[in-house]
Amino acid sequence: MDAPAVLHALGEPSAFSGSPPHWGEAMRLLSANRGLPFLETASLGERLTAAQLPAERLGPLHEVAELIAQDPALTAMATYLYYRVFVAPEHGSPWGAPSLSQVLGSRAGLFYLLLCLEFPKRLAAYHESLGYPAEVTAETVKQIGCYEANHLRGAGGPGVYPPQFAWLTNYFVSPFVRHGRFEYQLKAYGGGVQVFRRASDGAVIALAEGGQNVDADGLLALRDTSPAFVTRLDETRDAVVGFPVLPDGRIVHKLVRLPKTAYTRCLAKGETILDLHIPAGGAMDWDSMVTSTAQAHEFFARHHADRDIRALVVTTWFMDPRLAELLPATSNPLRLQRATYLYPTGPDPESLWFVFLRPIQSANVAELPGDSSLQRALKDFLARGGVWHGGGFFLLREHMAELCENRYRQGFESLANELGFAEHLTQS
Ligand SMILES: CC(C)(COP(=O)(O)OP(=O)(O)OC[C@H]1O[C@@H](n2cnc3c(N)ncnc32)[C@H](O)[C@@H]1OP(=O)(O)O)[C@@H](O)C(=O)NCCC(=O)NCCS
């Protein structure tokens, strides 16, 4: 079956926003006629156990496997997604996968959960090739249970959302492991700031990369609004000149000059970092954060000693500095904010999917769930016309070994004084 015919039969002709790439290659798996592992019902129990999912999922998954096997369009789509995520992950995630709600109704999530059962076996093979212990793989596999927990919370039944299934490709293209509360992915830094260390005392300052439109609050400006200023970052033989970012995540409208004799660059776009991911499931208490970052620090030093890892970095909804106006200072995300150096990223209202488990911009704000204090505070924010940005942080590699609050905020005043922007410091 060709892709348009399959998408038409599934009632979602515009899935993937166009023709799904690599369709022909994937369909060769079908014509090879070797049997499709995700449709094998005899091994279902074993695969369920390997995915650390409860035995009561067996019945519903068995049924959905049979539904897929009987329907050529579902078989072709499952084969395509299986190919993209597990066989050829190097092509990137298959974003835009169909919801399948028209053909499978409330069982759509089970289609994706069934495909997820391939994850443990593939991950074990990849991790083994990297020499990782089996316990680390077993911990990383927990992500499937976290995805399922999201679906249980958001849709009221077992399953996995299509974008979360598509994300699994990332576990096969570069080292990606879970240590306790957090996951870590080794990759190149996508940029946003350059980071410098003052040689005299190790104090750290970030400068915004050039060409960013900034609003009056020091956040990145919304598209189609006029910025308060545009950043630049210039380097000469002797110095780097740019706009500083405060550790609480706002860009200051004042050019500063960092002489190369006094400041050393320790992070720039393209350098190796650990990208942090926060699986759903329970609170992120301080001790769990401290333990996890210390374990990851030790793990990557042991297994990837040849990689010059510069920092731990994240981009997520809860690194928006305005979260401090919505949650008490004792809340876990705010403690993590204070333990790291924040910087602004572009407006990203849909990042709040992780809070509401549904699209944000198309939603009627009043109808978003308000079960937790965070959801209620964010609903008020959105009802006032607020646009959520999210944000980024970095934590230099050596600081992962011992997470501590206010590492970058304490003593920042002395840098600001020396560089002449102390009057821009905010209360944080
Ligand atoms: C990040 C995370 C662990 C923080 O949770 P936490 O440690 O419980 O945070 P807090 O202690 O500040 O929680 C304060 C309140 O917000 C609620 N809350 C926190 N995260 C929430 C979320 N994602 N959805 C809904 N409510 C949430 C808590 O239940 C609590 O509510 P209460 O006061 O009514 O009891 C949690 O949001 C989470 O698991 N998120 C899903 C994964 C995720 O967002 N990953 C990032 C993807 S880029």
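When a ligand or atom number is given, it counts from 1 through the structure's own listing order. The structure presented is a predicted model; accordingly, all values stated were derived computationally and were not measured.
Residue, atom and distance of the protein heavy atom nearest to atom 32 (P) of ligand 1 are S373 OG, 3.3 Å. The protein atom (non-hydrogen) at minimum distance from atom 21 (C) of ligand 1 is L374 CD2, 3.5 Å.
At a 4.0 Å heavy-atom cut-off, ligand 1 does not touch M289 at all.
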Please list, one pair per line, the donor and acceptor atoms closer than 3.5 Å that link side chains of residues 44-54 to other protein atoms, with sequence neighbours excluded.
from	atom 1	to	atom 2	distance (Å)
R47	NE	S43	OG	3.0
R47	NH2	E40	O	2.6
T49	OG1	G45	O	2.9
Q52	NE2	A138	O	2.7

Only distances under 3.5 Å count here; give the side-chain donor-acceptor pairs of residues 152-167 to other protein atoms, sequence neighbours excluded, each with its distance to 0.1 Å.
from	atom 1	to	atom 2	distance (Å)
Y161	OH	A155	N	3.4
Q164	OE1	N150	ND2	3.0

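For atom 40 (N) of ligand 1, the nearest non-hydrogen atom from the set W353, W317, F356, W286 belongs to W317.
A heavy-atom separation below 4.0 Å is not found between C146 and ligand 1.
Remark: side-chain polar atoms of T340 are paired, donor with acceptor, to backbone N or O of L336 under 3.5 angstrom.
Short contacts between ligand 1 and P333, defined as distances under 4.0 Å to a heavy atom of the residue, involve ligand atoms 4 (C), 9 (O), 10 (P), 12 (O). Heavy-atom contacts of S331 reach the following atoms of ligand 1: 12 (O) (cutoff under 4.0 Å).
The distance between the ring centers of Y112 and H151 does not fall below 6.0 angstrom.
In this structure, atom 23 (N) of ligand 1 has protein heavy atoms in its sub-4.0 angstrom surroundings.
The residues R358 and E367 are annotated as not salt-bridged, no charged nitrogen and carboxylate oxygen being separated by less than 4.0 angstrom.
In this structure, H127 and V177 have side chains that are in contact, with non-hydrogen atoms separated by less than 4.5 Å.
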